Amino acid sequence: MFRATGTFPDQNNLNASISTAGGAGSGAITIRHGGSTNTPFTIGNAAANGTAGAISSGSYMIEPLFRVPVPPGTYTRGNIQIITPSPAPSPAPSSVPVPVPVPLPPPAIPEPVPVLPPPAEPAALLSPQEEGEVVRSFDRGMQPAELVVEEVPPVPIDEVVFGLEKYFTEQFENYLWKSTGRIRLKTVTEIRNTLLEIEREAGIKPALLYVSFIPSKPEAGKDDSDELQLVMVTGEGNPILKRVPGATRGKVSQVAAEFRRQVTNIRELQSAKYLPSAQQLYKWLVAPLEAELGEKKIENLAFIMDVGLRSLPVAALHDGQQFLVGKYSVSLMPSLSLTDTRYVDVRTLQILAMGAEEFPDASDLPAVPVELSAIAGRLWEGEAFLNQAFTADNLKSQRESFGFRMVHLATHGEFRSGEPNNSYIQLFNTKVHMGDELRNLQLSYPPVELLVLSACRTALGDEGAELGESRFCRAGGGEVGARQSVVC
């Protein structure tokens, strides 16, 4: 076993048991322990096998409370390795154990990056009169506007990226904890290293796309005339910054709201009335970077969006020939600093599917039995529980007994603006509100890798509701989704 029972504040003021963070670089860390599957290695619990505090190499860290996944193997986070050997058979009396050399990856050297002031706060949507004009123009079958892209003169682009990462992270911190500074911001070097690590582990080339609005005039405050700015970051090469003149906050937000309405209306889906808005959004958000995406052979796009766009169904954007999801795998992030990017192949995991078709104080969901049987029968191995079996106690019991790391909940849910407790998910006999009630579901131990909320409703486009959805990603100070993807 391995035990590090003390802690100290390291160079980054992290409460660590082991840290190689230094001014000139970071040293690799390798721990080999004998706990196997019987006594797992736990960061945050040194009682039997683990560390009392965090493990940090400066560029990478593993924070409490985290249990190294089993079965045996090598768990890697950047240049930190924790090796869990397989249980060895009892050796013959004459056998001699042979040491196994452990290859160490080269250290990553972080670069200090100054902080830019955050972009202007977002503004409201178009006025009702302007909104009507936009809606009527799409109803008449208006074609997407011609794309005009402004090449931005050379700027300290790393500073821009760090400023955006800070801006988006602090928005969520303010909502979740009424304060900022709890989350350590990733430097631009760490962002690049993270993307390279994802590429190595998942075998695909990812890119981060920051979508924000900047004042059209230096002296302007928040306004509908703020113009669209796109910043793309990849594992190699410099970030790319482009602005789209004429794509104002008001126009983009209004078309996004119209697009969401159309793709959730069965009649408009059947008549393909959503296509003009889907194509216009593609021209604004993706087309300006198409050449660079092709040149870098990007396969995955992770969008980090400004207010009004955080719940946009980006997979359904359309280039005139096909949907965006036909060209890239896509996702939405609150910020990279708020996201645990460790790769886990969910295809090998079992799923816990739960839901209800009847509710005491909500409308029925008659398709749920079919949905659960398909999810936990034909698509994945796992267990399904319906109606009276869909309770918090049973959810916790099943996960404690069988360690399900994929959870599919087919039920009602509301993400509302205002206080976190205004939002909830509906179990068969009770509502689970954000905060302590959600934390009590114990979705962090063992960590849930994929959480699907099916049949939920959100106040789409509302800033408070968009931030409320993030509660599932960071509930309980990071207990729920620091490990997982959340799909609504």
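Only a predicted model underlies this, so the values are computations on that prediction, with no experimental measurement involved.
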Test log, rule side chain to side chain contact (heavy atoms under 4.5 Å, CB included), inputs Ile240 and Leu230:
CA-CA 8 Å; Ile240 297 166; Leu230 306 175; over 6 Å; no

### Message
Run Leu241 and Ile157 through side chain to side chain contact (heavy atoms under 4.5 Å, CB included) and show every step you take.
### Response
CA-CA 7 Å; Leu241 186 155; Ile157 186 65; 3.5 Å; yes

Handout entry: side chain to side chain contact (heavy atoms under 4.5 Å, CB included) assessment of Ile351 paired with Ile375
Key = CA-CA 8 Å; Ile351 193 166; Ile375 293 293; 3.6 Å; yes

query = Passes side chain to side chain contact (heavy atoms under 4.5 Å, CB included), His433 versus Leu438? Steps please.
reply = CA-CA 6 Å; His433 294 84; Leu438 178 60; over 6 Å; no

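Defined by atom type and a distance below 3.5 Å, a donor-acceptor pair is present between the side-chain atoms of Asn79 and Ser57. Judged by distance alone, the side chains of Gln254 and Glu258 never bring a donor and an acceptor atom under 3.5 Å apart. Donor-acceptor pairing under 3.5 Å is lacking for the side chains of Ser329 and Glu299. No hydrogens or angles considered: a donor-acceptor pair under 3.5 Å links the side chains of Glu165 and Tyr210. For the 3.5 Å distance criterion, the side chains of Ser277 and Gln262 qualify, holding a donor opposite an acceptor. A side-chain donor from one of Gln398 and Asn394 sits under 3.5 Å from a side-chain acceptor of the other.
A ring-centre distance under 6.0 Å is found for Phe323 and His318.
Ion pairing between a basic and an acidic side chain is recognised when a charged N comes within 4.0 Å of a carboxylate O; Glu197 and Arg342 show no such pairing. Remark: Glu292 engages Lys242 in a salt bridge, criterion side-chain N to carboxylate O under 4.0 Å. A salt bridge links Glu190 to Arg184: at least one charged side-chain nitrogen sits closer than 4.0 Å to a carboxylate oxygen. For the pair Glu290 and Lys327, the salt-bridge criterion is met [side-chain N within less than 4.0 Å of a carboxylate O]. Comment: Asp158 engages Arg192 in a salt bridge, judged by a side-chain N to carboxylate O separation of less than 4.0 angstrom.
For Phe404 against Gly382, the heavy-atom pair with the smallest separation is CE2-CA, 4.2 Å. Looking at every heavy atom in both residues, Leu312 comes nearest to Leu332 through O-CD1, 3.6 Å. The two residues Ala256 and Leu281 make their nearest non-hydrogen contact at CA-CD1, 4.0 Å. Residues Ser337 and Thr169 share a closest heavy-atom pair of CB-OG1, 3.8 Å. Nearest approach of Ser212 to Leu164, heavy atoms of both residues: OG-CD2, 3.6 Å. Pro215 and Asp226 get closest at one heavy-atom pair: CA-OD1, 3.4 Å.
A donor-acceptor pair under 3.5 Å is absent between the side-chain atoms of His408 and the main chain of Leu372, judged by distance alone. Looking at Arg310, its side chain does come within 3.5 Å of a backbone N or O of Met305 through a donor-acceptor pair. At distances below 3.5 Å, at least one donor-acceptor pair connects side-chain atoms of Asp345 with backbone N or O atoms of Arg347. The backbone N or O of Gly250 sits nowhere less than 3.5 Å from a side-chain atom of Ser253 that would complete a donor-acceptor pair. No side-chain donor-acceptor contact under 3.5 Å links Gln280 to the backbone of Val255. Formation of a donor-acceptor pair under 3.5 Å by the Trp380 side chain with backbone atoms of Val346 is found in this model. Side-chain atoms of Thr234 come within 3.5 Å of backbone N or O of Glu236 as a donor-acceptor pair. The backbone N or O of Gln442 sits less than 3.5 Å from a side-chain atom of Arg399, completing a donor-acceptor pair.
Put simply, CD1 on Ile298 and CG on Leu293 are 6.5 Å apart, with the number rounded to the nearest 0.5 Å. Note that the CZ atom of Arg200 and the OG1 atom of Thr76 stand 9.5 Å from one another [nearest 0.5 Å]. Rounding to the nearest 0.5 Å gives a distance of 5.0 Å between CD1 of Ile304 and CG of Leu208. Summarising the geometry, atom CD belonging to Glu201 is positioned 11.5 Å from atom CG belonging to Leu196; distances are rounded to the nearest 0.5 Å. The distance from atom CG of Leu451 to atom CD1 of Ile425, rounded to the nearest 0.5 Å, is 7.0 Å. Atom CG of Leu309 is separated from atom CZ of Phe303 by 10.5 Å, given to the nearest 0.5 angstrom.
The closest side-chain heavy-atom distance from Lys205 to Tyr328 is not below 4.5 Å. Using a 4.5 Å heavy-atom cutoff, the side chains of Thr411 and Leu427 are not in contact. Between Phe213 and Glu227, the closest side-chain pair of non-hydrogen atoms is not below 4.5 Å. Side-chain contact between Trp284 and Lys251 is present, with at least one heavy-atom pair separated by less than 4.5 Å. In this structure, Ile183 and Phe172 have side chains that are not in contact, with every pair of non-hydrogen atoms separated by 4.5 Å or more. Counting heavy atoms from C-beta outward, Leu409 and Leu395 have side chains that approach closer than 4.5 Å. A 4.5 Å side-chain heavy-atom check between Val448 and Arg405 finds every atom pair outside the cut-off. Inter-residue side-chain proximity for Asn387 and Glu357 is flagged as met; some heavy-atom pair is nearer than 4.5 Å.
In this pair, Tyr274 and Phe259 present their aromatic rings tilted. The plane angle is within the 30 to 60° band.
Annotation: salt bridge (Lys or Arg N to Asp or Glu O under 4.0 Å) contacts of Lys431 (sequence neighbours excluded): Asp361.
Within 6.0 Å of atom CD in Gln322, more than 12 heavy atoms from other residues, nucleotides or ligands are found, so the atom counts as buried in its surroundings.
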